[in-house]
J.: 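Sending over a structure as structure tokens; questions will come in a sec.
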Amino acid sequence: MFYRAKFFNYSRNYVNVSKRMLSNSSKDQRKHLWSMTIIEAANLLRQKKISTVSLVKECFSRISKYDAEINAFIEVQNEKKLLDKALEIDAKGSFNGSLDGIPVAYKDLFCTSSLSTTCGSFMLKNFKSPFNATVINFLEEAGAIMIGKTNMDEFGMGAANVYSVHGPVYNPQSILFDENHFEKNDGDQRVAGGSSGGSAAAVASGMCFAALGSDTGGSVRLPASYCGIVGFKPSYGQCSRWGLIAYANSLDTVGILTRTVSDAQMIYDVISKFDVNDSTSITPEVRSINSSIPSFFKLNSNADDLRGLRVGVPKEYFVSELGESIVNLWKKGISYLKSHGATIVSVSCPSTRYALSAYYILAPSEASSNLARFDGVRYGHRSEESNKNDGMLYANTRGRFGKEVKKRIILGTYALTAGSYGNYFLQAQKIRRMVKSDFDRVFKRPNPLRFTKKDSGCNENKVDVLITPVTISTAPKIEDCLTTNVNNFINTYVNDVFVVPASLAGIPAISIPFGISSIDGFPIGLQLITQYGDDDTLLGVAKVLEKGANQK
Ligand SMILES: NC(=O)C[C@H](N)C(=O)O
């Protein structure tokens, strides 16, 4: 935990600098700025009612006030340098880029050339990438300003963000803020969720206006739901993975964390582009086929009118473990869409029950292969001791992974051995195909990857979107996730049960904050899922649904 200690020292110096810099700005304005959406902040910047400097100061102020407790950031930019940059942007005065002057943060698995990229691991302690991830270049071109790199479960493996060498991330709602922004809760210390917990906590607590995360099997949607913000996983291949340190290539997806769906859309519009460096990036040809297939919001001009939209409720998601508050909010969400004209249909996705087991074979198998590069020669920590003794190099290096990562490497390696491949990996791949077929069967819109000109188009008896819970419970208590009890390991896997099906199918899904639990006061999200490539319908319905959160 040496990093944590370093972080605290750093943070103390940082508080002093920050206090001095903030002494001139008005307290009321600071209170107002941090909770703005990107759209509000960008409009005020354009009208010159606020400055980039004030936004950057605001984020640093929030970080210095709360991050010693929340632990959302692994590293933040040099404040002085960033304020100089903000001054330059204000002096230029042209806010033409959609994100000009907006402070954002990146999960620490996106390569950045100005800050280190540790992936929450001791293994990459001093790793500094020579280049930026493509999506970061896109955001910078649109004018976004990187505040810092956020905490995460080591290499993205975890659902609670307690497996980071930099220490766990605490749910911002556990820390009682004086702004009255957060509802009262039961006072327990809860997790922020993982693996993009730092990104979710940073956005939820107003330390930045948006953050990028990655979603392999729910890593963006789960923490978004626990922290009460929006978490969007676009279709696999929409956003480039180049420069994102791989956990499981066939599942890894760039994800977006914001406070509103419109903000998520703004970020998405910037980063959803073809990238020649990523062989899995959706090609311009498929993008054009996709946009030629009709989708609900392309046909409907009134965004709030859901007449004609068919919403599926998959019966397999009603599991006995589901908390009462979650069931109630799920029903409320369904009624809300119905009140806007949508038709509600019960659907069946029978392979859902096998998805979690398949995911926990496939993801570790891919991870065991991906993480082989951390051998102390190509990548990874290399101790003084291992330099002296060649034979020990490999053991000394591989031993530096955390417990959860080691467990998954062993599990994945076993699943890929000749003797067990047929029983595990192959079976899991078959289930993945079945999960995909379930979705293809329920959705109205054809899958653009299998679309042919002969296709009759949409099947009107089927559905446009599915609505489900994101999690079976609100954020777990931190001590329940920290214990080394074997049952807890299994429990944390169970949290992924509603999020992994969309990951296995590569289809878009979003978590929308929809209320708080009547039992413990912690946030609850609802999930929307659409057909592969139908990200527009997903965002359109999500914009309607999020308004329902405030309805009695
Ligand atoms: N990376 C993710 O999407 C989180 C998932 N819980 C996992 O540990 O694999």
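Heads up: numbering here begins at 1 and tracks the sequence. Both counts, for ligands and for their atoms, begin at 1 and track the order of listing.
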J.: Output the list of atoms in ligand 1 that are nearer than 4.0 Å to some heavy atom of Tyr359, sorted by atom number.
T.: 2 (C), 3 (O), 5 (C), 7 (C), 9 (O)
J.: Relative to Tyr170, does Arg190 satisfy both conditions: NZ or CZ under 6.0 angstrom from the six-membered ring centre, and within 45 degrees of the ring's axis?
T.: no
J.: Among Asp252, Asp215, Asp496, Thr216, which residue places a heavy atom closest to atom 5 (C) of ligand 1?
T.: Asp496
J.: Heavy atoms only: which of Ser219, Gly218, Ser503 lies closest to atom 4 (C) of ligand 1?
T.: Ser219
J.: Is the terminal nitrogen or CZ of Arg287 (NZ for Lys, CZ for Arg) located under 6.0 angstrom from the six-membered ring centre of Phe274 and within 45° of that ring's axis?
T.: no
J.: Would you mind running through ligand 1 and noting each atom that sits below 4.0 Å from a heavy atom of Gly217?
T.: 2 (C), 3 (O), 5 (C)
J.: Would Gly194 count as being in polar contact with ligand 1, using the rule that some N or O on each side must be under 3.5 angstrom apart?
T.: no
J.: So is Lys273 actually on top of Phe138's ring, under 6.0 Å and inside 45° of the axis?
T.: yes
J.: Does ligand 1 have a heavy atom under 4.0 Å from the side chain of Arg408, from its backbone, from both, or from neither?
T.: side chain
J.: Give the minimum heavy-atom separation between Thr474 and Phe522, together with the two atoms involved.
T.: CG2-O, 3.6 Å
J.: Could you list the atoms of ligand 1 found under 4.0 angstrom from a heavy atom of Tyr360?
T.: 5 (C), 6 (N), 7 (C), 8 (O), 9 (O)
J.: When Arg241 is tested against each of Asn249, Thr253, Asn277, Asp275 for side-chain contact (heavy atoms from CB on, under 4.5 Å), which residue passes?
T.: Asn249
